[in-house]
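Quick note: residue numbers are just sequence positions, from 1. For the numbers below, each heavy atom of this structure counts, side chains included, while hydrogens, waters and symmetry mates do not.
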Amino acid sequence: MSSTATTIQLTLPDGSVREYPAGTTGMQVAESIGKGLAKAAVGIELDGEVQSLQLPIAHSAKIKIHTRDSKEGLEVLRHSAAHVRADAVKRIRPQAKLWKGPPVDDPRYGFYYDIDFGDRPITHDDLPQLEKLMHEIVQKDVPFVLESLPRDEARKLMVAHGEDYKVATIDKIPADQQITFYRSGEFVDLCKGPHVPSTGRIGQGIAVLALAGAYFGDDAGNKMLTRIYGHAFADKKAMETHRHNLEEAQKRDHRRLGIDLDLSSTMGDLGAGLILWHPKGGFVRHKMEEYWRQAHLRGGYDIVYSPHIAKADLWQTSGHLDFYKDSMYSGIDIDGAEYRLKPMNCPFHVQIFKSKRRSYRELPFRWAELGTVYRYENQGSLHGLLRVRGFTQDDAHLFLREDQVEAEIERCLRFVIDMLRAFGFHEYAMNLSTRPEKSVGADASWEKATAALKAALESVGLPYEIDEGGGAFYGPKIDVKIKDTLGRTWQCSTIQCDFNLPERFDMTYIAANGEKARPVMVHRALLGSLERFFGVLVEHHGGAFPVWLAPVQAVLLAVGERHAEAVRTLSDELRAIDLRVDADDTNEKIGQKIRHHLFQEKVPFVGVIGDQELQNGTVTVRSRKDGDLGALPVAEFRELLQRHDRERL
């Protein structure tokens, strides 16, 4: 069917084409497809850009209707809920000044709004009232209406409402950009959208969750505002599930468990974003590293080491000073030359490659390093072990012939999955991140690298999403997000294909024809960083580590003083065969000792020795996971611990 000046053609995801009058709204399109779709719809995507359903469509496009339970639909839902949040705030604090309220990609929260409350600050006691008001606004089902105003009128409107931060935002909007507002009833907010058609479509799956501080413009030199976090889900049941998960997440918070279980700490006199590993946390790290090294050696990798600093020239050649300088620490003057703390390990591995002449017969090289790097992070963004300033990457760099790239990336993907499974992670989400706006290298190299990553993903059979512009400045990458016990996703593993650093460092090997050829470089981390992965691991297991990782695998408990020597002797015997067994010969009641070690210290097993056990040569065993295992002969108890010590999840 041909289009005319008064009609548009819309291509649906299945490839079918429908013709509509120009100016048809997204909602009308959804209604024409089906009543069920129209009821669930919250936004429409036109040629890759999501807009409000209530707006007219002016031109032909590829379209996709987003429903309230899709990723894109939830983003529209949450943006609209933030707008309702601001409306509710202005009702209880009319003098409050709004700044911004975007949806966010955070496992805890779906959106926030930053607000200046002046001399009448909001408190946690006000949050129930705020949430109640939001529900009332939703129930009234007031339309979201887009308004566009000339700059002068837009400015006057915000001045009239006393919205100083909005006025400052308008002043920064480029002259050629449209200034738009969304109005719902009497409330109006400077906003591009998109929003749902009316407040009622947000539904009752909304909540006000927390308060925090945030600097205006994210600049520590500016005024501190109040950040109000909230969430919105497709329905009330999903919101209730999320609230339950938040409560569980608080119990599992690695910062809290780090203190309770004496695993790690930060701050104090040390400085923000720097981690102290205590003996128990240090032992878990040791087991992580031990398994990591063994797996790499079995997988054909060699272990390398590199310094913590290098001359600034190295970082200039690599491109880090051009593209990554804001995340690097200031230079250090050494003998008149500028040195920098390393933010990454890759240039050092390049130097190892260049230290001698290389042949095509030697490739691939697979060089792995647990290398500690240093990156500047804004203090407000630091978060326990999950976002730090000094951390150890489980890094590796592969140097390949071009014909080896796809097979090696596929090999890396399988290695990632095997490594994550060993630590108890079995669900993943994959992103293929493409060339960012600020990057280096020829288009052809980027296209080849991206194609190799895509082919490897498809060969392994892993579903993935495209993250446009999410690649590193030197190459595209596969990002692997792991899903934890509470269904939260965490970015850890990454595989990056790089044709550019070999060019920048003029890396070559001697090809089969005797000529010089350029290698391809693959950057790869399986766990991401030991600090972040350990934090995720603590929360995933709730501090109750599997036996092979547990710093203490079992505690032997003496019922009375006359059993203390037997407990200490057996503990020593088990430690002599590398089992991590402690003895508790204190005078506390046996029930109290069992509860303390199993549920407070989260030790996998306790073994009780009293008169009957001494007489029979047994240990009465309780498991944190499986409960009472009964009286076991000492040899059987030893074999139980050894069997679990060998297990990987």
Side-chain angles (χ1 to χ4, degrees), residues 104 106-109 210-215 218-220 224 227 229 246 248-289 292 308-309 324 326-330 332 340-345 369-395 423 482 484-486 488-492 525 527-545 549-552 600-602:
V104 292
D106 187 299
R108 298 162 298 169
Y109 312 118
L211 296 177
Y215 293 107
D218 298 320
D219 185 341
M224 176 73 78
R227 176 166 291 181
Y229 283 106
L246 280 180
E248 186 63 25
Q250 287 183 337
K251 299 176 187 176
R252 292 169 175 263
D253 191 313
H254 72 278
R255 294 166 298 179
R256 173 181 171 179
L257 290 173
I259 296 170
D260 292 347
L261 301 178
D262 198 21
L263 301 171
S264 63
S265 61
T266 185
M267 293 295 288
D269 295 331
L270 185 65
L274 303 173
I275 304 301
L276 290 171
W277 294 78
H278 296 201
K280 288 184 178 179
F283 186 85
V284 179
R285 173 170 172 161
H286 160 70
K287 296 300 290 185
M288 291 166 60
E289 292 184 5
W292 183 91
H308 290 237
I309 62 172
Y324 207 72
D326 290 345
S327 296
M328 295 178 67
Y329 281 95
S330 302
I332 306 166
R340 295 268 182 162
L341 285 168
K342 65 175 178 179
M344 297 182 185
N345 300 301
E369 176 179 11
L370 291 170
T372 300
V373 299
Y374 304 89
R375 300 179 188 174
Y376 174 74
E377 297 281 358
N378 186 290
Q379 186 160 344
S381 67
L382 298 175
H383 182 73
L385 289 155
L386 303 180
R387 200 170 185 97
V388 296
R389 289 176 172 169
F391 57 92
T392 301
Q393 275 190 314
D394 74 312
D395 222 349
F423 290 95
I482 56 178
D484 71 7
T485 303
L486 299 181
R488 302 171 297 178
T489 56
W490 305 92
Q491 171 60 55
C492 291
L527 305 179
S529 82
L530 296 189
E531 285 74 8
R532 179 176 175 79
F533 189 80
F534 180 71
V536 174
L537 192 71
V538 169
E539 298 202 5
H540 179 60
H541 293 293
F545 297 108
L549 280 175
V552 178
Q600 289 180 252
E601 294 297 320
K602 301 184 185 295

Enquirer: In Å and rounded to the nearest 0.5 Å, what is the CD1 to CZ distance from Ile275 to Arg532?
Expert: 12.5 Å
Enquirer: How close do Met224 and Tyr215 get, counting heavy atoms only, and between which atoms?
Expert: CE-CZ, 3.6 Å
Enquirer: If I compare all heavy atoms of Ala212 with all of Tyr229, which pair ends up nearest, and what's the gap?
Expert: CB-CE1, 3.9 Å
Enquirer: Between Arg375 (side chain only) and Pro343 (backbone N and O only), is there a donor and an acceptor less than 3.5 Å apart?
Expert: yes
Enquirer: Report the residues that fulfil side-chain contact (heavy atoms from CB on, under 4.5 Å) with Ser327, sequence neighbours left out, ordered by chain and then residue number.
Expert: Tyr324
Enquirer: Ignoring hydrogens, what is the shortest heavy-atom contact between Ala544 and Lys602? Give both atom names and the distance.
Expert: N-CD, 3.7 Å
Enquirer: Which pairs of donor and acceptor atoms, one on a side chain in residues 383-393, lie under 3.5 Å apart (sequence neighbours left out)?
Expert:
{"from": "His383", "atom 1": "ND1", "to": "Arg255", "atom 2": "NH1", "distance (Å)": "3.3"}
{"from": "Arg387", "atom 1": "NE", "to": "Glu377", "atom 2": "OE1", "distance (Å)": "3.1"}
{"from": "Arg387", "atom 1": "NH2", "to": "Glu377", "atom 2": "OE1", "distance (Å)": "3.2"}
{"from": "Arg389", "atom 1": "NE", "to": "Glu377", "atom 2": "O", "distance (Å)": "3.0"}
{"from": "Arg389", "atom 1": "NH2", "to": "Glu377", "atom 2": "O", "distance (Å)": "2.8"}
{"from": "Thr392", "atom 1": "OG1", "to": "Arg285", "atom 2": "NH2", "distance (Å)": "3.1"}
{"from": "Thr392", "atom 1": "OG1", "to": "Thr372", "atom 2": "OG1", "distance (Å)": "2.8"}

Enquirer: Between Phe533 and Cys492, what is the shortest heavy-atom contact and its length?
Expert: CD1-SG, 4.1 Å
Enquirer: With sequence neighbours left out, what residues match Trp292 under side-chain hydrogen bond (donor to acceptor under 3.5 Å, both in side chains)?
Expert: Asp394
Enquirer: Rounded to the nearest 0.5 Å, how far does CG of Leu270 lie from CG of Leu276?
Expert: 4.5 Å
Enquirer: Using the test side-chain hydrogen bond (donor to acceptor under 3.5 Å, both in side chains), find all partners of Lys251 that sit at least two apart in sequence or belong to another chain.
Expert: none
Enquirer: Which residues satisfy the side-chain contact (heavy atoms from CB on, under 4.5 Å) test with Leu246, sequence neighbours excluded?
Expert: Arg108, Leu209, His242
Enquirer: Inspect the contact between Lys342 and Glu369 and indicate whether a charged nitrogen and a carboxylate oxygen are less than 4.0 angstrom apart.
Expert: yes
Enquirer: Only counting residues at least two apart or in another chain, list the ones meeting salt bridge (Lys or Arg N to Asp or Glu O under 4.0 Å) with Asp262.
Expert: none
Enquirer: Taking side-chain hydrogen bond (donor to acceptor under 3.5 Å, both in side chains) as the test, write out the residues that go with Arg252, two or more places apart.
Expert: Glu248
Enquirer: Give a yes or no on whether the backbone of His278 and the side-chain of Ser264 come within a donor-acceptor separation of less than 3.5 Å.
Expert: no
Enquirer: For Trp490, give me all partners under ring-ring contact (aromatic ring centres under 6.0 Å, His included), at least two apart in sequence or on another chain.
Expert: none
Enquirer: Under a 3.5 Å distance rule, please check whether His254 uses its side chain to pair with a backbone N or O of Leu537 as donor and acceptor.
Expert: no
Enquirer: Quick one: are Asp253 and Glu539 in side-chain contact, heavy atoms under 4.5 Å?
Expert: yes
Enquirer: Less than 4.5 Å apart, any side-chain heavy atom of Phe423 and any of His541?
Expert: no
Enquirer: Which residues satisfy the side-chain hydrogen bond (donor to acceptor under 3.5 Å, both in side chains) test with Tyr109, sequence neighbours excluded?
Expert: none
Enquirer: Could you tell me which residues satisfy side-chain contact (heavy atoms from CB on, under 4.5 Å) with Val284, sequence neighbours excluded, listed by chain and number?
Expert: Met288, Phe534, Phe545, Leu549, Pro551
Enquirer: Identify the two heavy atoms, one from Thr266 and one from Gly271, that lie closest to each other, and give their separation to 0.1 Å.
Expert: OG1-O, 4.3 Å
Enquirer: Can a donor-acceptor pair be found, under 3.5 Å and without considering hydrogens, that links the side chain of Thr485 to the backbone of His540?
Expert: yes
Enquirer: For Lys280, enumerate each residue passing the salt bridge (Lys or Arg N to Asp or Glu O under 4.0 Å) test, keeping only those at least two apart in sequence or located in another chain.
Expert: Glu601
